[in-house]
Amino acid sequence: MIIVMHSDATPDDIAEVVERLRASGAAASVSTRDGQTVVEGSVDARLYEEAPWDSFPGVERVYPSVRGGRQVGREFKSENTVVAVGDDVSIGDGTMVVVAGPCAVESRDQMIGTAQAVKEAGARILRGDAFKPRTSPYTFQGLGKAGLEILAEAREITGLPFVAEVLDPRDIDLVSSYADMLRIGTRNMSNYALLREVGLGEKPVLLKRGRGSTVEEWIDAAEYIHSAGNPNIVLVERGVRGFDSSARNTLDLAAVPVARRLTHLPVMVDPSHASGRRDLVVPLARAAIAVGADGVLIDVHPSPETALVDGAQALLPAEFAELMVSLRSVADAVKNPFQTP
Ligand code: PEP
Ligand code: MN
């Protein structure tokens, strides 16, 4: 259970809540987020009913944990969740949303040129990372704050919101101050401290499936974010590690309808990171829309052969534009009409 205190709550108000939690046998921890104190009681559904927590002095709101289920589960809420990104994009409303851009921001020209091209072709959200999770510590790690500034300029020019990865709880405030949506990558799906921290904020979160995680574990990871207070979560299937090295990962398309049945959250697919191969991105993206994904994430780069990260899977802007045409046909065929700006 999470208890968010008013920004003008007194130390006595906070102490009273903590004492009452401890008297109920709960572990209580206190932290500060955006100037507000947050008191967290150990995750036990009984606690919520133990006292009228929201009428304690200084308490602004209370998020319960759910008895016998998950807040992200269909058993908790049967209608689909629709996640708003920026001023006018909705993910999960039955229309197709395409996120596109380079894997990493490398320069102003590269990011802004790509952003203009993908906007022209019909992408609704830009991607491009300033902080990259690289397998080797000696390879390009991203431009950091300078990359976020370039992304903000790309948004200004195109009018498209952007999503960027956050790797470290210490960077959440920085990335959130620029990005419209945060991404938790495959390597961090089980980083519960990071999940909780993005859960304490309000920015929508794209949560990638861990490359060795089951669908249940992925949904439990989403529960960490939701139970901390942030319901704005979109799941992303991006392939799991298999035995076959013909593609970088094995795209688990069954995970899309399985996750849809188990949760009310939107589900998207990243065929670029799933396959690692340009020639597989187009057929896998079409398949993702056909199995009912709410959209896809596509890597696009103006000169993939010189890309600092993931060039082998990036489409050229012209290839992306062609892909968009065929995705609209697939979306129409499965009655999932493309969302026009
Ligand atoms: C990415 O989208 O750039 C990325 C690193 O993806 P993943 O975490 O799925 O590997
Ligand atoms: Mn990448």
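First listed ligand is number 1; within each ligand, the first listed atom is number 1.
For atom 10 (O) of ligand 1, the nearest non-hydrogen atom of the protein is Arg238 NH2, 2.8 Å. Protein heavy atom closest to atom 8 (O) of ligand 1, with residue, atom name and distance, is Thr186 N, 2.8 Å.
For the residue pair Thr306 and Ser303, a side-chain donor N or O sits within less than 3.5 Å of a side-chain acceptor on the partner. In this model, no donor atom of one side chain and acceptor atom of the other lie less than 3.5 Å apart for Arg241 and Thr250. In this structure, a donor-acceptor pair under 3.5 Å is absent between the side chains of Ser107 and Asp109. There is no side-chain donor-acceptor pair under 3.5 Å between Asp173 and Ser176. With hydrogens and angles left out, the side-chain atoms of Asn230 and Arg196 include no donor and acceptor closer than 3.5 Å. Under 3.5 Å, the side chains of His273 and Gln313 contain a donor-acceptor pair of N or O atoms. Looking at Asp93 and Thr95, their side chains do bring a donor and an acceptor atom within 3.5 Å of each other.
Closest N/O/S atom of Asp310 to the Mn ion (ligand 2): OD2.
Contact atoms of ligand 1 toward Arg187: 10 (O) (distance under 4.0 Å to a heavy atom of the residue). For ligand 1, the atoms closer than 4.0 angstrom to any heavy atom of Gly185 are 8 (O). Under a 4.0 Å criterion applied to the non-hydrogen atoms of Lys132, ligand 1 contributes the atoms 1 (C), 3 (O), 5 (C). Heavy-atom proximity to Cys103, at under 4.0 Å, picks out these atoms of ligand 1: 3 (O).
Assignment of Arg209 to the shell around ligand 1 is not supported, since no heavy atom sits closer than 4.0 Å. Not close to ligand 1: Arg211, with no non-hydrogen atom less than 4.0 angstrom away.
Of the heavy atoms in Asp129, only side-chain atoms (C-beta onward) come closer than 4.0 Å to ligand 1.
The shortest N/O to N/O separation between Arg183 and ligand 1 falls below 3.5 Å.
Contact of the Arg183 side chain with the Val205 side chain is not registered, since no non-hydrogen atoms from C-beta on lie closer than 4.5 Å.
The option with the heavy atom closest to atom 2 (O) of ligand 1, from among Glu165, Lys208, Met189, Arg134, is Lys208.
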